[in-house]
Amino acid sequence: MDKLSHRERIQTIMAGHRPDRFAASAWRHFFHMESSAEGTAEAMLAFQKRFDWDFMKINPRADYHVEDWGLKQRYSRKEFEKHVKLAFPVSRPEDWSKIKPLPPTSPALAEHLKAVSIIRKKSDPELPLLMTVFTPLAVAGRMVDNQKMLIDQLRTAPDTITSALEAIAVTFEKFVEELRNAGADGLFFATTQWASSDQITWPEYEKFGVPYDLRVIKATGEDAFNLLHVCASNSFVEQLSRLDYNARLVNWDSSDPTNPPLDKAYERLPGKVLVGGVDHNGWLLKSRPNEIANAIADLKRRHDPARVIIGPGCAVLPETPMDNLRAMRESL
């Protein structure tokens, strides 16, 4: 029997102490249920009931961030198929000037506040809830069909982009305040592919990413339980971890050979709780349940439960066998 509640376990780890057992979480999309607040809430609650993770990463449809600025998509009705994007808010450089601040009452934002509220009311109060919010530059990156256009604008006409980033930051500063009111304990704050040298340089992210990121995550409040998620290969996870992102927890793909491996991150990400260790595109997806149990046992042998929360490096693929997730959870 667990001695601590989920919240107590996470708080113990964040305080730098050894918990009663390793904490863990995993998250994924349920594309066929993401088109409404009720569907999103139902999917998240059922997933949590099945696996009893130590925190819930609420996994909404990714483009909710930009729908109120004009992104159109056809929602998927199939569990393993993504939504189809039909139109983007920005198709020409001059369209960036149309991106203005939006209130949290905008339809897609309000829908996701409602989803958080439903989840909070129907979940264990001792379960920490993290709502997924993308960083402002990552939001801008979803406004265009061709991301090269955004990169070119950053380099050749930065004023047009900073105006849009300002509008996005203002919008999400207000939105994350309302997320806390709706019951979220904090953010799963995701850079998507933008905090990576595969996309832009670190000085560019320092200029067009960091200042806006800090504003949004600061708006969650000093008591927020935030997790910084740095996606992609060749990520800037080390650089970002040195900054005051109001996020004790850091998650990245530690299985990617271009990123810091988990066992090297104790020194390279000092003072952070490391969330990872699970190769979500490798052994979690492809192995048999008994092999998953062996892999988790190996993680537990090599790592400190006061520093590491076991989890994937990004959302697990929907096709990941449920038996493998069960083996991961039962191995704790």
Side-chain angles (χ1 to χ4, degrees), residues 62 65-66 90 93 96 99 132-144 146-170 172-173 176 187-220 226-277 281 311-315:
H65 300 83
V66 294
V90 175
W96 290 112
I99 306 304
T132 305
V133 170
F134 293 164
T135 57
L137 184 57
V139 174
R142 302 194 80 85
M143 292 186 176
V144 293
N146 181 357
Q147 294 182 348
K148 185 178 182 300
M149 185 182 80
L150 173 54
I151 296 170
D152 289 344
Q153 287 289 107
L154 291 175
R155 293 169 177 169
T156 62
D159 289 347
T160 61
I161 301 303
T162 54
S163 174
L165 289 172
E166 174 68 22
I168 295 166
V170 168
F172 280 91
E173 283 175 305
V176 300
L187 304 183
F188 185 97
F189 197 48
T191 63
T192 70
Q193 67 268 47
W194 286 92
S196 162
S197 61
D198 292 342
Q199 196 84 332
I200 57 176
T201 66
W202 170 242
E204 287 171 334
Y205 196 85
E206 277 190 299
K207 180 177 180 179
F208 298 106
V210 170
Y212 305 98
D213 295 355
L214 295 178
R215 286 171 50 183
V216 173
I217 205 161
K218 181 180 178 181
T220 62
N226 294 320
L227 182 155
L228 175 64
H229 172 65
V230 188
C231 287
S233 302
N234 294 299
S235 74
F236 298 139
V237 64
E238 290 186 69
Q239 294 94 321
L240 292 173
S241 293
R242 299 186 194 111
L243 303 177
D244 185 15
Y245 263 66
N246 190 27
R248 280 291 311 284
L249 278 66
V250 178
N251 173 242
W252 74 104
D253 188 357
S254 59
S255 298
D256 187 306
T258 68
N259 292 331
L262 196 61
D263 59 356
K264 302 292 186 184
Y266 287 73
E267 294 77 27
R268 293 164 71 173
L269 282 67
K272 299 296 184 182
V273 175
L274 315 174
V275 181
N281 289 323
C314 200

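Keep in mind it's a predicted model, so treat the numbers as computed, not measured. Just so it is clear, the values below take in all heavy atoms, side chains as well, and ignore hydrogens, waters and symmetry mates.
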> What's the verdict on side chain to side chain contact (heavy atoms under 4.5 Å, CB included) for Phe134 and Ile168, showing C-alpha distance, side-chain angles and the deciding distance?
Replying inline: CA-CA 10 Å; Phe134 293 164; Ile168 295 166; over 6 Å; no

> After noting the C-alpha distance and the side-chain angles of Thr258 and Asp253, does the key distance pass the side chain to side chain contact (heavy atoms under 4.5 Å, CB included) rule?
Replying inline: CA-CA 9 Å; Thr258 68; Asp253 188 357; over 6 Å; no

> Run the side chain to side chain contact (heavy atoms under 4.5 Å, CB included) check on Ser254 and Lys264 step by step: do they pass?
Replying inline: CA-CA 10 Å; Ser254 59; Lys264 302 292 186 184; over 6 Å; no

>> Under the criterion side-chain hydrogen bond (donor to acceptor under 3.5 Å, both in side chains), I'd like the reasoning laid out for Gln193 against Ser196: C-alpha separation, chi angles, the key distance, then a yes or no.
In response: CA-CA 6 Å; Gln193 67 268 47; Ser196 162; over 6 Å; no

> Where do Ile161 and Leu165 land on the side chain to side chain contact (heavy atoms under 4.5 Å, CB included) test, with the steps shown first?
Replying inline: CA-CA 6 Å; Ile161 301 303; Leu165 289 172; 3.8 Å; yes

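Residues meeting the salt bridge (charged side-chain N to carboxylate O under 4.0 Å, His left out) test with Arg248, sequence neighbours left out: none.
Looking only at side-chain heavy atoms (C-beta outward), Val216 and Thr135 stay at 4.5 Å or farther from each other. At least one side-chain heavy atom of Ile151 sits under 4.5 Å from a side-chain heavy atom of Gln199. Between Glu206 and Gln239 there is no side-chain heavy-atom pair separated by less than 4.5 Å. In this structure the side chain of Trp96 never reaches within 4.5 angstrom of the side chain of Asp159, judged on heavy atoms. Residues His65 and Phe172 have side chains in contact (heavy-atom distance under 4.5 Å, counting atoms from C-beta outward). Side chains of Phe189 and Asn226 form no contact here, defined as non-hydrogen atoms less than 4.5 Å apart. In this structure, the side chains of His229 and Ser235 stay at 4.5 Å or more apart for every pair of heavy atoms. Between Leu150 and Trp194, the closest side-chain pair of non-hydrogen atoms falls below 4.5 Å.
Gln153 contributes atom CD, which lies 12.0 Å from atom CZ of Arg155 (distance to the nearest 0.5 angstrom). Taking OG1 of Thr192 as the start and CG of Leu137 as the end, the distance is 7.5 Å to the nearest 0.5 Å. For the atom pair CG (Leu269) and CG (Leu274), the distance works out to 6.0 Å, reported to the nearest 0.5 Å. The CG atom of Asp213 sits 8.0 Å away from the CG atom of Leu228 when rounded to the nearest 0.5 Å. Here the straight-line distance linking atom CZ of Arg268 with atom CZ of Arg242 works out to 9.5 Å at 0.5 Å rounding. Here Leu154 contributes atom CG and Thr201 contributes atom OG1; the two are 9.5 Å apart, rounded to the nearest 0.5 Å.
One N or O on the side chain of Asn251 and one on the backbone of Pro312 form a donor-acceptor pair closer than 3.5 Å. Of the possible donor and acceptor atoms, one in the side chain of Asn259 sits under 3.5 Å from a partner among the backbone N and O of Ala232. No donor-acceptor pair closer than 3.5 Å links the side chain of Asn234 to the backbone N or O of Ser197.
Residues Glu238 and Lys272 are not paired through a salt bridge, judged by the lack of any N-O separation under 4.0 Å between the basic side chain and the carboxylate.
The shortest heavy-atom contact between Ala138 and Ala190 is CB-O, 4.1 Å. The two residues Thr191 and Val230 come nearest to each other via the heavy atoms OG1-CA, 3.5 Å.
Sequence neighbours left out, the pairs with a member in residues 232-257 that pass ring-ring contact (aromatic ring centres under 6.0 Å, His included) are Trp202-Phe236.
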